[in-house]
Engineer: 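Below are the structure tokens for one structure; questions will follow.
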Amino acid sequence: MVEILEFFQQETAFTPETIQILAAALDEAWERLRQSGSPLARPAYSRAMREVVAKRIIEMTQRGVQDRETLVEDAVRFVTTNYERPSN
């Protein structure tokens with residue numbers, strides 16, 4: 001859970017329960033990317049890409065999304081849409 005807290009840019013009004021949801025969503029989204037074989041989950045990219053995933057989850061939570069599964073799916077979709085090259 002501490003890892004997700006590193007990515008907060010400002011003071012937050014998130015409850016401890018919401019922070020637990022954020023942390024779980026980050027771990028699950030990252031595991032899905034890793035298991036998909038995404039090159040973005042390789043060690044060379046992992047720190048930067050985990051930060052992208054965490055910031056997306058935080059952003060969506062700030063917009064009112066509180067459902068862990070929705071946060072996970074959105075984060076994975078965001079990364080694959082914006083950072084992965086299309087297959088030729």
Side-chain angles (χ1 to χ4, degrees):
M1 179 170 34
V2 173
E3 181 184 11
I4 194 87
L5 298 176
E6 294 174 18
F7 302 113
F8 287 111
Q9 297 292 323
Q10 57 197 15
E11 289 296 318
T12 181
F14 292 147
T15 65
E17 293 81 16
T18 300
I19 293 171
Q20 287 180 332
I21 292 168
L22 293 170
L26 172 60
D27 290 342
E28 187 172 337
W30 186 253
E31 185 60 20
R32 286 190 193 178
L33 285 169
R34 194 185 66 72
Q35 287 186 357
S36 75
S38 172
L40 298 173
R42 292 188 313 215
Y45 302 109
S46 65
R47 173 115 174 102
M49 291 315 301
R50 276 185 74 90
E51 183 173 343
V52 168
V53 171
K55 287 182 177 182
R56 178 62 179 194
I57 289 169
I58 292 166
E59 176 185 341
M60 294 307 293
T61 302
Q62 289 171 332
R63 292 181 182 181
V65 178
Q66 295 283 316
D67 180 68
R68 182 191 47 78
E69 184 61 28
T70 302
L71 292 168
V72 170
E73 290 174 3
D74 175 78
V76 171
R77 185 174 42 252
F78 179 80
V79 168
T80 56
T81 300
N82 293 292
Y83 291 92
E84 288 190 355
R85 290 183 182 166
S87 300
N88 291 336

Engineer: If every non-hydrogen atom of V52 is compared with every non-hydrogen atom of Y83, which pair is closest and at what distance?
Structural biologist: CG1-CE1, 3.6 Å
Engineer: Give the minimum heavy-atom separation between L71 and A25, together with the two atoms involved.
Structural biologist: CB-CB, 4.0 Å
Engineer: Determine, for K55 against E59, whether the closest basic-nitrogen to carboxylate-oxygen distance falls under 4.0 angstrom.
Structural biologist: no
Engineer: Does any N or O in the side chain of T81 come within less than 3.5 Å of the main-chain N or O of F78, such that one atom is a donor and the other an acceptor?
Structural biologist: no
Engineer: Shortest non-hydrogen contact from S46 to A41?
Structural biologist: CB-O, 4.2 Å
Engineer: Work out which heavy atom in I21 is nearest to a heavy atom in Q66; give both atom names and the distance.
Structural biologist: CG2-O, 3.6 Å
Engineer: Nearest 0.5 angstrom please: I58 CD1 to I19 CD1, how far?
Structural biologist: 9.5 Å
Engineer: Salt bridge (charged side-chain N to carboxylate O under 4.0 Å, His left out) with R68: which residues, sequence neighbours excluded?
Structural biologist: E28
Engineer: Is it the case that the side chain of T80 and the backbone of V76 share a donor-acceptor pair, with hydrogens and angles ignored and the cut-off at 3.5 Å?
Structural biologist: yes
Engineer: What's the separation between atom CG in D67 and atom CG in D74, rounded to the nearest 0.5 Å?
Structural biologist: 11.5 Å
Engineer: Of all the heavy-atom pairs spanning I57 and L22, show the shortest one and how long it is.
Structural biologist: CG2-CD2, 3.4 Å
Engineer: What I'd like to find out is whether the side chain of L33 reaches to under 4.5 Å of the side chain of M49, using heavy atoms alone.
Structural biologist: no
Engineer: How close do P39 and Y45 get, counting heavy atoms only, and between which atoms?
Structural biologist: O-CD1, 3.3 Å
Engineer: What distance separates R50 CZ from R34 CZ, expressed to the nearest 0.5 Å?
Structural biologist: 10.5 Å
Engineer: Please walk me through it: do E73 and R77 pass salt bridge (charged side-chain N to carboxylate O under 4.0 Å, His left out)?
Structural biologist: CA-CA 6 Å; E73 290 174 3; R77 185 174 42 252; 5.2 Å; no
